[in-house]
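Here's the structure we're looking at; comments come further down.
Residues take their numbers from the sequence shown, with the count starting at 1. Whatever order the structure lists ligands and atoms in, that order sets their numbers, starting from 1.
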Amino acid sequence: MTKDGIRIYEDADFDGMHKAGRLAAEILDGIAPLVFPGQTTEAIDARIEEMVNEAGATSATIGYKGYKHASCISVNHVVCHGIPGTKLLKDGDILNIDVTVIVDGWYGDTSRMYVAGKMNRKAERLVQVTHDSLMKGIEAVKPGNTFGDIGHAIQSYVEAHRMSVVRDFCGHGLGRVFHAPPNVLHYGRPGTGPRIEEGMFFTIEPMVNLGRPETKILADDWTAVTRDKSLSAQFEHSVGVRADGAEIFTLSPGNLFHPTYTTD
Ligand code: MF3
Ligand code: CO
Ligand code: CO
């Protein structure tokens with residue numbers, strides 16, 4: 001069944017999404033000790049690929065539009081789609097690691113922020129606001145609300161903290177496929193957009209910049225960076241809609257979603 005072109009999943013389908021989401025989150029927990037100054041993002045990605053294989057799962061990103069890696073790793077002013085490489089992480093670098101796995105045909109997509117060494121104050125504020133904006137978006141997930149309510153919750157929170165929401169990338173429906181309708185915008189006006197219904201599965205994955213919201217794509221035709229070179233952060237959960245709100249498929253089993261490791 002679909003509503004406004006958005007697939008409505010069955011009760012039993014939530015189990016499949018929980019399995020896929022849990023594996024993606026476990027992998028993000030597992031690589032936390034690998035993030036340190038002097039490390040390469042290539043080495044982190046190699047371990048992610050190994051963990052996907054050890055679990056008997058499939059990476060959704062390897063082979064996707066010609067992409068060759070099991071993760072995207074976006075450092076500092078890289079907004080998203082950072083390609084793992086040989087550059088060494090420096091003390092104070094912040095990075096988003098984004099993993100999508102396929103388990104029994106179900107897609108689990110999640111990303112979170114890490115720091116190499118010690119985070120500076122400005123970066124810490126950005127990471128905190130970005131994390132909390134995702135949670136505000138998730139709180140707006142209720143049958144009868146609209147996708148514009150999610151975007152508005154995120155945008156108003158971010159802008160109240162004098163930061164900006166990236167417009168050029170959005171969340172997406174997922175489930176049996178990686179990217180499906182709707183586009184989940186991280187900005188918007190209350191009451192606009194499609195209605196949120198029970199059984200919808202989608203990601204919310206706000207990208208927040210310390211400076212202006214504009215992005216550009218590097219000469220590799222892939223990596224997105226902030227135009228003004230300001231620092232950028234992102235968190236992503238995959239969620240399903242229940243009668244009383246969002247069920248998060250990608251909760252961290254080790255409570256490591258937030259890089260201070262004190263709260264979730
Ligand atoms: N996981 C990303 C998302 O949140 C998509 C990565 S596509 C890739 O939708 F090809 F860059 F891996
Ligand atoms: Co996603
Ligand atoms: Co993702």
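- Electrostatic pairing of Asp11 and Arg242 counts as a salt bridge here, judged by a charged N lying under 4.0 Å from a carboxylate O.
- At a heavy-atom cutoff of 4.0 Å, ligand 1 is contacted by no atom of Lys65, backbone or side chain.
- Classification of Arg47 and Glu50 as a salt-bridged pair holds, one side-chain N sitting under 4.0 Å from a carboxylate O.
- For an aromatic pair to be called close, the ring centres must be under 6.0 Å apart, and His237 with Phe235 fails this.
- Of the N or O atoms in Thr100, one or more lie within a sub-3.5 Å distance of an N or O in ligand 1.
- Distances from ligand 1 to the non-hydrogen atoms of Thr203 include no value under 4.0 Å.
- Taking the six-membered ring for Trp and thresholds of 30 and 60 degrees, His161 and Tyr157 have ring planes inclined between 30 and 60 degrees apart.
- Summarising the geometry, atom CG belonging to Asn96 is positioned 8.0 Å from atom CD belonging to Glu236; distances are rounded to the nearest 0.5 Å.
- Side chains of Leu231 and Thr226 form no contact here, defined as non-hydrogen atoms less than 4.5 Å apart.
- When heavy-atom distances to ligand 1 are checked against a 4.0 Å cut-off, Glu205 comes that close only through its side chain, counted from C-beta outward.
- Closest to atom 8 (C) of ligand 1 among all protein heavy atoms lies Trp222 CZ2, 3.7 Å.
- A heavy-atom distance below 4.5 Å is not found between the side chains of Thr100 and Leu174.
- For atom 3 (C) of ligand 1, the closest heavy atom belonging to the protein is Asp109 OD2, 3.4 Å.
- The contact set between ligand 1 and Phe178, taken as ligand atoms under 4.0 Å from a residue heavy atom, comprises 1 (N), 5 (C).
- In summary, Arg112 and Asp29 engage in a salt bridge, as defined by a charged side-chain N under 4.0 Å from a carboxylate O.
- With hydrogens left out, the protein atom closest to atom 12 (F) of ligand 1 is Thr61 CG2, 3.1 Å, a heavy atom.
- Ring centroid separation for the pair His179 and Tyr64 comes in under the 6.0 Å cut-off.
- Side-chain atoms of Glu26 and Met51, non-hydrogen and from C-beta on, never get closer than 4.5 Å to each other.
- Counting only protein N, O or S atoms closer than 2.8 Å to the Co ion (ligand 2) gives 4.
- Counting only heavy atoms of the protein, atom 6 (C) of ligand 1 lies nearest to Cys72 SG, 4.0 Å.
- In summary, the atoms of ligand 1 found under 4.0 Å from a heavy atom of Glu236, numbered by their order in the structure, are 4 (O).
- Pairs of residues two or more places apart, or lying in two chains, that qualify as ring-ring contact (aromatic ring centres under 6.0 Å, His included) and include a residue from residues 189-219 are Tyr9-Phe201, Phe14-Phe201, Phe147-Phe202, Phe201-Phe249.
- Residue His179 places a heavy atom less than 4.0 Å from ligand 1.
- Scanning the protein for heavy atoms near atom 2 (C) of ligand 1, the closest one is Asp98 OD2, 3.4 Å.
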